[in-house]
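Shown next, in structure tokens, is the structure this report addresses.
Because the structure is predicted, anything quoted here is derived from the model rather than measured.
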Amino acid sequence: MASLKKLQWYFYVFLFIYTFTGVSALVLGNVWLRQSADGAPRDAVISRPIEQAGTYIGAFVGATGILGLLGGMAPVRRKRFLIAFAWLVVFALIAELSLGGVIWFKTLRMRSLFRTQWITWSTELKVAFQDMTSLTGYGQCCGYSLGDQSSVVLSGACASPVPTKFPGCEEKIAAFADSYLRKLYTSLFGFTVVNVVCFVSTVILIQARNDEERYIRIGRKEGRTYTNAI
């Protein structure tokens, strides 16, 4: 019983971290969805379907965390809860790996995507990139590529009819997107590590409760009673 109690506490720790990753993704996804189409540079990097997928995965992880807690509180009596939780953790892991893979793959074809998407971006989004100075190594830029005056939004420092002294924004956009997307898929792949650890701790707890259940059955055959068996 003492060993099972100890494993329960380890399980609670990993379950908390697992659930925290889901809640964090859920909250961040909701914030991004509410702020979508506000002209922020992030809108060019992360599509709404990706934001929605991250939000759904976060909600799924948070919900499965509740199931894991119910099973962990009474592992001997709620084995089915723990088994179901273990399978759901695997599903969450696959979903996070898939989303992380989609984001990573997007980094491989950023330039071709942004070249065509620049035309469809809102004026506010284009101006946000042209005037962005917070990215280290990149200052004012005008239009998407150098010499393409048709892509320039005449605003601020780019208001001159021929703003040739500033480069195009192609390199800045690529650097911003690469940095942003790398943080996203690295975080998602990090979440999968948490999932693996949580899954292993669940399997260990299930095995420990199986042993405990066997001891209880043997004890009952010998006439012992277990009124507080977890």
Does Ile83 form a side-chain contact (heavy atoms from CB on, under 4.5 Å) with Trp87? I'd like the steps, not just the answer. CA-CA 6 Å; Ile83 293 176; Trp87 278 108; 3.9 Å; yes
Distance check, rounded to the nearest 0.5 Å: Trp118 atom CH2 versus Leu125 atom CG? 7.5 Å
Minimum side-chain heavy-atom gap Lys79-Asn210 below 4.5 Å: yes
So how far is it from Leu181 CG to Phe176 CZ, rounded to the nearest 0.5 Å? 9.0 Å
Would you mind reporting whether Val89 and Phe85 have side-chain heavy atoms less than 4.5 Å apart? yes
Working note: Trp121 + Ile173, criterion side-chain contact (heavy atoms from CB on, under 4.5 Å); need CA distance, chi angles, decisive distance, verdict. CA-CA 13 Å; Trp121 288 348; Ile173 295 173; 3.8 Å; yes
Are Leu97 and Ile17 grouped together when hydrophobic residues (ILVMFWY) are joined by side-chain heavy atoms under 4.5 angstrom apart? yes
With distance as the sole test, does Gln8 use its side chain to make a donor-acceptor pair with the main-chain N or O of Gly72 at under 3.5 Å? yes
In the structure I gave you, are the side-chain heavy atoms of Glu124 and Val127 within less than 4.5 Å of one another anywhere? no
ILVMFWY network linking Tyr185 to Leu28, side-chain heavy atoms under 4.5 angstrom: yes
Between Ala25 and Gly58, what is the shortest heavy-atom contact and its length? CB-CA, 3.9 Å
Heavy atoms from other residues, nucleotides or ligands near OH of Tyr180 exceed 12 (cutoff 6.0 Å): yes
Are Cys142 and Cys158 within a span of less than 2.5 Å, counting SG to SG? yes
Considering non-hydrogen atoms only, spot the tightest contact between Glu96 and Val61 and give its length. OE2-CG2, 3.7 Å
Can you see which heavy atom on Leu67 is nearest to which on Ala84, and at what distance? CD2-CB, 4.0 Å
So, the side chain of Gln140 versus the backbone of Ala157: is there a donor-acceptor pair under 3.5 Å, distance only? no
Okay, side chain of Thr116, backbone of Leu113: is any donor-acceptor separation there less than 3.5 Å? yes
Shared hydrophobic cluster, Ile206 / Met73 (ILVMFWY, side-chain heavy atoms < 4.5 Å): yes
Might you point out which heavy atoms bring Ala86 and Phe199 nearest each other, and give the distance in Å? O-CD1, 3.5 Å
Look up atom CG in Leu93 and atom CG in Asn195, then write down how far apart they are to the nearest 0.5 Å. 5.0 Å
Donor-acceptor pair, Lys126 side chain versus Val152 backbone, under 3.5 Å? no
Do Met132 and Tyr138 make a side-chain contact, defined as non-hydrogen atoms from C-beta onward lying under 4.5 Å apart? no
Just by distance, do the side chain of Ser98 and the backbone of Ile94 share a donor-acceptor pair under 3.5 Å? yes
How many angstroms lie between CZ in Arg115 and OG in Ser145, if you round to the nearest 0.5 Å? 5.5 Å
What residue among Val45, Thr107, Leu99, Ile103 forms side-chain contact (heavy atoms from CB on, under 4.5 Å) with Leu184? Ile103
When rounded to the nearest 0.5 Å, the distance separating OG1 of Thr64 from CG of Leu69 is 11.5 Å
So, do Ile204 and Tyr10 sit near enough that their side-chain heavy atoms are less than 4.5 Å apart? no
Count I, L, V, M, F, W, Y as connected when their side-chain heavy atoms are under 4.5 Å apart, and connections chain through other members. Are Phe60 and Tyr56 then in the same cluster? no
Sort out for me which residue in Tyr12, Phe11, Tyr18 forms a side-chain contact (heavy atoms from CB on, under 4.5 Å) with Ser201. Phe11
Looking only at heavy atoms, what is the nearest atom pair of Glu51 and Ile46, with distance? CG-CG2, 3.6 Å
Compare all side-chain heavy atoms of Phe129 with those of Tyr144 and state whether any distance is below 4.5 angstrom. no
Hydrophobic cluster membership, with links at side-chain heavy-atom distances under 4.5 Å among I/L/V/M/F/W/Y: are Phe20 and Val200 in one? no
For the atom pair OG1 (Thr21) and CG (Leu26), what is the distance rounded to the nearest 0.5 Å? 11.0 Å
